[in-house]
Participant: 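Before we start, here is the structure in question, set down as C-alpha cells.
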Amino acid sequence: MRISIPYYDRGYKVVSISLDNRTKDDLLSESVSFWHIDEQGITEYPGGNFITDDKKAIEGFFRCGNYDVFEIWENGTASRVYNDQTNENLFFVTGKCNSNCIMCPSPEQMRRMGDKANVDNLIEIAGHIPSDTSHLTITGGEPFLAGRDLFRLLNYCKNKFISTEFLILTNGRVFALKEYCRLLKETIPSNCTLGIPLHGSSAERHDSITQAQGSFLQTLTGLKRLHQMGIRLEIRIVVCRNNVKDIPEMASLVVRELPKVGHVSIMAMEMTGSAFLNREKVWIPYSESFPYVREAVSILAESGINVMLYNFPLCTVDRKYWTICAKSITGYKVRYADKCSQCDVKESCGGVFAGTLHLEKADLRPIRI
Ligand code: SF4
C-alpha cells in the first residue's frame, strides 16, 4: 500500500501508526517513532509535530491498522512495510541473485540489476514491528548477497523476536562456506527455518535449471552442513517440465543425505518473470506432473519425512492427497476459473496463481461431492 503525503519535507524515516489513543499511549511507552492519525490530521511522536491535515492521506491511513509500519520517502510517498493484520510480512533484502533459474517468477533484469539491501533500514523497520508478531519471512532475490551484513539483521531479530516464527528463503549456496554456517549458528533466531530449493538429483539437472555452474555442489554441501548443525530446513522442490521425471530421485536423495530434514515442499510454478518467458520449455500441466509428485510423496512419507504440496489446486491432485495440500498462494495472487463457482470444495482449495490461470484453466475440473 502506498499513500501520498502532499508537501512532505522531513526526509526518509520509518514510523509505526496509531489510529486510537490506546495504541498511541502504548507506542509512547515503547519509545518508537510513530504517526498518530485522527480526523484532524497526522501528528508525529515523540515531539508532537504536525505533519498534514490532507484528507486523502488521512483516509489512506484509516484503511490500515494500528501498529502497521511505513517507510516515508523524501518525496512524500508512504509505503507500508509491515501489516499487523497478516502473517505474510517479509524483509525483502535484495532483488539480486547469483542463480538465474529458468522457472523463476521474477524477471532476469531484477536478479541482475536489483537494488542492494540497506541492512540498517531493515533493522530500523524490525525495531518498529511488535515483538509478539507471529511470522516473518526474510527473502530476495538471494538475501545472503547482502554478505556478512545480513547477520546483523538476524542477530537483531534473534534478540527482539523471541517466539516469532522466521522463514529465510535462500538458494543455500553460501553455506558451502564454513564461515557462513558459523555466523548463522551464532545469529539465527530461535524459531527459524531455512527454505532451500533443490532442482535436481544431479549437478547436470540442477545446474541446467539454475543456469549457474557449480550451484548443485554448493547447495548440497550447504544443506549437509546445516543439516549436521541441526538447523531446521525446508527443502523446496519446484516442479517444471525440466525436472518432473527426476522428482522421485530427488526425494530419494533427501532421504539418503538429509534424513532429519524438517519437511519437503513440492511446489507448482508461478508463471511470471523468467517462468513466463521460458514457458515453452518449463510449463507442465499439473495433472501431467502429478504421477511423479505422487511417487516422491510416497518415498518421503515412507521414510518419515513430512511433505506438503504447495500451489496445487485440489482438482489436479488425487483425493487422498488433499490433506497435504496447503492453501499457499498469497491472497492477492489467488485466482479461480469461472467454472470454480460450481465446485463443492472451492472453500478448501487454494486456487491458482494469477499468472498461471490462463495456462491451467482448461484442466481445472469442478468437484461434486
Ligand atoms: S475446480 Fe476450481 S475450486 Fe475446484 S478444485 Fe479445481 S481449482 Fe479448486
Side-chain angles (χ1 to χ4, degrees), residues 83 85-88 90 101-106 135 137 139 167 169 195 197 199 234-245 247-248 250-251 263-301 305-369:
N83 176 349
Q85 302 303 307
T86 81
N87 62 2
E88 293 178 350
L90 51 85
C101 296
I102 52 174
M103 59 352 144
C104 181
S106 301
H135 180 97
T137 297
T139 188
L167 174 64
L169 297 177
H199 300 297
E234 173 193 344
I235 309 288
R236 301 187 142 209
I237 296 175
V238 182
V239 182
C240 64
R241 186 166 288 286
N242 314 56
N243 68 4
V244 67
K245 291 184 182 163
I247 286 175
M250 290 157 75
H263 77 270
V264 174
S265 303
I266 301 180
M267 316 177 82
M269 282 180 294
E270 179 178 11
M271 296 301 290
T272 52
S274 294
F276 182 74
L277 269 185
N278 296 320
R279 60 193 179 282
E280 298 295 331
K281 280 192 235 162
V282 302
W283 170 249
I284 180 164
Y286 298 124
S287 52
E288 205 180 316
S289 69
F290 189 69
Y292 303 98
V293 170
R294 183 172 46 210
E295 195 182 333
V297 169
S298 297
I299 292 166
L300 293 162
I305 294 175
N306 285 331
V307 53
M308 293 293 289
L309 300 181
Y310 282 8
N311 316 335
F312 284 89
L314 295 182
C315 56
T316 63
V317 170
D318 289 356
R319 204 169 278 219
K320 75 172 186 175
Y321 294 86
W322 285 1
T323 53
I324 59 168
C325 289
K327 283 181 92 169
S328 44
I329 301 175
T330 306
Y332 73 93
K333 292 183 179 177
V334 175
R335 295 291 184 279
Y336 296 92
D338 290 344
K339 57 189 166 188
C340 294
S341 59
Q342 296 150 33
C343 179
D344 290 340
V345 297
K346 188 177 175 192
E347 285 296 303
S348 314
C349 173
V352 292
F353 282 110
T356 309
L357 183 62
H358 64 293
L359 288 165
E360 184 58 23
K361 67 181 171 194
D363 274 356
L364 302 178
R365 304 261 174 269
I367 291 168
R368 309 303 304 198
I369 45 180

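Just so you know, ligand 1 is whichever comes first in the structure, and atom 1 is the first atom listed for that ligand.
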Participant: Looking only at atom types and distance, does a side-chain atom of D318 sit under 3.5 Å from a main-chain N or O of K320, one as donor and one as acceptor?
Facilitator: no

Participant: Is the backbone N or O of I369 less than 3.5 Å from a side-chain atom of D344, with the two atoms forming a donor-acceptor pair by type?
Facilitator: yes

Participant: Please list, chain by chain and in numerical order, all residues satisfying side-chain contact (heavy atoms from CB on, under 4.5 Å) with V317, sequence neighbours excluded.
Facilitator: F290, L309, F312, Y321, W322, C325

Participant: Just jot down the side-chain hydrogen bond (donor to acceptor under 3.5 Å, both in side chains) partners of E288, sequence neighbours excluded, or say none.
Facilitator: R241

Participant: Sort by chain and number the protein N/O/S atoms that are closer than 2.8 Å to atom 6 (Fe) of ligand 1, and list them.
Facilitator: C315 SG

Participant: Counting distance only, does the side-chain N/O of T356 pair as donor-acceptor with the main-chain N or O of M271 below 3.5 Å?
Facilitator: yes

Participant: Using the side-chain hydrogen bond (donor to acceptor under 3.5 Å, both in side chains) criterion, which residues pair with S298? Sequence neighbours excluded.
Facilitator: none

